[in-house]
Amino acid sequence: MPKKILVVDDEKPISDIIKFNLNKEGFDVETAYDGEEAVKKVDEYNPDLMILDLMLPKKDGLEVAREVRQTHDMPIIMVTAKGGEIDKVLGLEMGADDYVTKPFSNRELVARVKANLRRRDIVKKAVEVSQKQEQEKQNNDITIGNLVIKPDAYIVEKNGEKIELTHREFELLYYLAQHMDQVMTREHLLQTVWGYDYFGDVRTVDVTVHRLREKIEDNPVRPKILVTRRGVGYFVKSQTEE
């Protein structure tokens, strides 16, 4: 599907030339001849890029850019007959992404259009990847009452505040949380969390559980998250009691 370009210039011969050259490059082009029509066509046409003349009747290019930027993020190339630095700066500050000064070559304008569209596609793709990664991270999070385990960040939060856990404390809590409501024996936890090559005593698990409760439970003496099944082992409850 071709990219859509809105050309805004009150001089129809210039608009026609720009439209002709962009059509040759495979773009779909709409035109507007004053500021009010430009704002209206942005909403109707939803262009991928706008070429916007600075000097327009009814609303000038700066006002159009300012209004459009409130609801649209497509690239704006400002076109001006003035070569003054202040016009370029004002245009960029009002939301323009690039500018060309009349007289300009059509080859230059087409090149700038393509460059701005490429840049927008790159940024858009980067944002989509970032959002997808963030969503995947959130999907990996485990929430237990007021506790949130974030394995990708390797942190645990309680009531929104980060809890300082040792590597082993985190591994133990995360493993039990992955197997919610499943009772794990001390021997199994020692082999799984500490590793088969660990030669410590099963009391190591008890000590780590005790330290964990001090950090994650509101009342470590009466734990509601990391619970003991007497004579068997430990488990993490899927829902904490009120």
Side-chain angles (χ1 to χ4, degrees), residues 46 48 69-75 92-93 95 97 116-242:
N46 193 26
D48 296 295
R69 271 292 171 257
Q70 294 175 10
T71 53
H72 297 77
D73 64 351
M74 76 287 189
L92 295 172
E93 287 182 349
D97 299 271
N116 277 276
L117 287 173
R118 274 198 308 270
R119 187 157 56 241
R120 181 178 189 250
D121 287 342
I122 290 169
V123 171
K124 188 176 179 181
K125 188 172 290 186
V127 169
E128 288 173 353
V129 169
S130 177
Q131 290 174 341
K132 183 180 179 182
Q133 290 174 342
E134 186 61 33
Q135 186 62 45
E136 288 173 349
K137 286 182 180 181
Q138 291 175 0
N139 291 342
N140 289 334
D141 293 353
I142 300 175
T143 302
I144 315 154
N146 61 359
L147 209 66
V148 179
I149 303 170
K150 300 184 175 182
D152 294 285
Y154 224 77
I155 62 173
V156 175
E157 293 178 351
K158 181 180 179 182
N159 296 321
E161 298 290 328
K162 182 182 175 182
I163 301 174
E164 293 296 335
L165 298 182
T166 67
H167 172 79
R168 199 66 72 191
E169 288 167 355
F170 179 89
E171 290 289 336
L172 177 60
L173 179 62
Y174 181 47
Y175 180 77
L176 288 170
Q178 285 179 298
H179 302 83
M180 204 87 69
D181 297 318
Q182 296 180 36
V183 181
M184 302 290 179
T185 66
R186 293 167 175 82
E187 291 78 12
H188 175 77
L189 291 171
L190 195 65
Q191 289 181 338
T192 306
V193 178
W194 275 260
Y196 287 99
D197 57 348
Y198 185 79
F199 296 104
D201 192 274
V202 289
R203 284 175 295 183
T204 301
V205 179
D206 298 330
V207 172
T208 305
V209 167
H210 176 75
R211 289 202 312 264
L212 254 178
R213 283 173 173 164
E214 292 289 333
K215 297 177 180 180
I216 68 173
E217 300 282 0
D218 292 331
N219 182 0
V221 178
R222 300 187 64 181
K224 295 182 178 180
I225 297 174
L226 183 44
V227 183
T228 302
R229 178 63 54 84
R230 199 171 295 277
V232 183
Y234 301 104
F235 67 100
V236 164
K237 292 187 69 173
S238 55
Q239 293 183 345
T240 59
E241 298 173 0
E242 296 296 331

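For clarity, every value in this text was computed on a predicted model and none was experimentally measured.
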How long is the gap from [atom1] on [X] to [atom2] on [Y], to the nearest 0.5 Å?
| X | Y | atom1 | atom2 | result |
| --- | --- | --- | --- | --- |
| R213 | I225 | CZ | CD1 | 11.0 Å |
| Y175 | H188 | OH | NE2 | 2.5 Å |
| T204 | R168 | OG1 | CZ | 10.0 Å |
| D141 | D152 | CG | CG | 7.0 Å |
| R229 | Q182 | CZ | CD | 12.0 Å |
| Y234 | T208 | OH | OG1 | 9.5 Å |

Quick one: closest heavy-atom pair of [X] and [Y], and the distance?
| X | Y | value |
| --- | --- | --- |
| V148 | T143 | CG2-OG1, 3.9 Å |
| F170 | P151 | CZ-CA, 3.9 Å |
| K215 | T166 | NZ-N, 4.3 Å |
| I144 | A177 | CD1-CB, 4.0 Å |
| R211 | E169 | NE-OE2, 2.8 Å |
| L147 | K158 | CD1-CB, 3.9 Å |

Find out whether [X] and [Y] are in side-chain contact, i.e. whether some heavy atom of one side chain is under 4.5 Å from a heavy atom of the other.
| X | Y | answer |
| --- | --- | --- |
| N46 | M74 | no |
| L176 | L189 | yes |
| K237 | D181 | yes |
| E187 | L190 | no |
| I142 | M180 | yes |
| W194 | L172 | yes |

Flag if over 12 foreign heavy atoms under 6.0 Å of CD, E161: no

H210 atom NE2, over 12 foreign heavy atoms within 6.0 Å: no

Pair N116-D97, side-chain donor/acceptor within less than 3.5 Å: no

Residues K224, D218; criterion salt bridge (Lys or Arg N to Asp or Glu O under 4.0 Å); working and verdict: CA-CA 8 Å; K224 295 182 178 180; D218 292 331; over 6 Å; no

Whether Y154 and H167 hold their rings parallel, tilted or perpendicular, with breakpoints at 30° and 60°: parallel

